[in-house]
Amino acid sequence: MSQIKDLNMRTKPQLVPLGTLIGRELRKEDSVGKPTIKYGQAGLAKKGEDYFLIKTDCERIPGNQSTSFSVFGIFDGHNGISAAIFTKENLLNNVLSAIPEGATREEWLQALPRALVAGFVRTDIEFQQKGETSGTTVTFVVIDGWTVTVASVGDSRCILDTQGGVVSLLTVDHRLEENVEERERVTASGGEVGRLNLCAGNEVGPLRCWPGGLCLSRSIGDTDVGEYIVPVPHVKQVKLSNAGGRLIIASDGIWDTLSSDIAAQACRGLPAELAAKLVVKEALRSRGLKDDTTCLVVDMIPCDHPVVLPTPKKKQNSLTSLLFRRKSLNSTSKGTNKLSAVGAVEELFEEGSAMLAERLGKDFPLNSDSGIYRCAICQVDQPPGDGLSVNSGPFFSPSSKPWEGPFLCTNCRKKKDAMEGVWKKLNRNRVGRF
């Protein structure tokens, strides 16, 4: 009997406290570590107006390598190179200055979408103060661990190719030809949208915004076109599983020729440096060099994983859409659930509105105990008596309703009023129809 009793004691499963299990899972997650970042760049110049940014040594806390993150960007200039160069040199610092100091990593990631909006608008204001008229598209990618945040204006593009062969678009094209909502926004502000009108009355080419003739609805710069061409970016933030994935970031010289799927398929199974060259080659093969053509390929690779991402063995069916799981359509959604499927991508945030009230929010961090207020866009400290716009207070321009967002200095408030007057007019028209 004693032997049977001992046997039962040895085979009976031992109960483990819930806290111990959670601790084990957290330690297991930590042991995965950050991905290894491998990248490649390729391009050919037609006009010499494409620029790119690669910076893999950024640190949230200076001097602390454990807080490292990477930044990649494509800047496709037009009407000159000044806006592209200025944005490349200043955008990152403007974004980082809009994130509160001392934030934890989770707080930093949650603040990043809002900081990207502030950074884009600030960069546009600073460039327009130079009095130059060039403009640039921007696709700006921040990689922190397995979290990828993409902000974009214009028609450059960033796609994500996961291990399962699922290709996802992380940007929105701001071409008037394809984007109905942007056409409505521009025309409601007083801009005209139409094609180039030849002497004979024939219309040719893509839809453009007049005056100026720009075929984009969002950019940085373009002072001479009008304030309805806004620098407010579409922002999307996703989290990859530890299976990794590949980003392809490129100017429209690639996407005018290749679809997202074809670009991803063209370089699967190749290291990033060779993959970027092959994407450019594939784009030129069918069309030739019609425009500046620039491509960045970025691989996020598990530390214990082969460097080259394998090619899917067969075409995926509709079930692969389950691998890309939308967390929420809400613009303020913050994902907290852990990924459970290999190769899955979790959407943490997505918003593309041109309204700063929706993009900066009402809960912008602020310490006004000293009586000095910091502008949410340009990060300049000012006392409220200097014309600062205060939430629900008397400091707002008489041309618009009280500002419900964070504190803005006079210059940034003027920029906001100019950009968003379109939406007030549009909303009034909608009310009148009901």
I'd like to know if [X] and [Y] make a salt bridge, using a cut-off of under 4.0 Å between side-chain N and carboxylate O.
X: E181; Y: R185; answer: no
X: R157; Y: D155; answer: no
X: R175; Y: D256; answer: yes
X: E351; Y: R359; answer: no

(request) Using modelled atom types only, decide if a donor and an acceptor are shared between the side chain of W108 and the backbone of I99 within a distance under 3.5 Å. (result) no
(message) Please check: side-chain N/O of D252 versus main-chain N/O of S156, any donor-acceptor pairing under 3.5 Å?
(response) no
(message) What's the separation between atom CZ in F127 and atom CG in D222, rounded to the nearest 0.5 Å?
(response) 8.5 Å
(request) Rounded to the nearest 0.5 Å, what's the gap from CD1 on I85 to NZ on K88? Could you check? (result) 8.0 Å
(request) Over all heavy atoms of both residues, which pair between V153 and H174 is shortest? Give the atoms and the distance, please. (result) CA-ND1, 3.5 Å
(message) For a quick test of reading the model, state the closest non-hydrogen atom pair linking K34 to G145 and the distance between them.
(response) CG-CA, 4.2 Å
(message) A side-chain contact here means heavy atoms from C-beta on lying under 4.5 Å apart; do L408 and C375 qualify?
(response) yes
(message) Is the shortest side-chain heavy-atom distance between R246 and C267 below 4.5 Å?
(response) yes
(message) Working note: E132 + S82, criterion side-chain hydrogen bond (donor to acceptor under 3.5 Å, both in side chains); need CA distance, chi angles, decisive distance, verdict.
(response) CA-CA 8 Å; E132 301 188 39; S82 297; 2.5 Å; yes
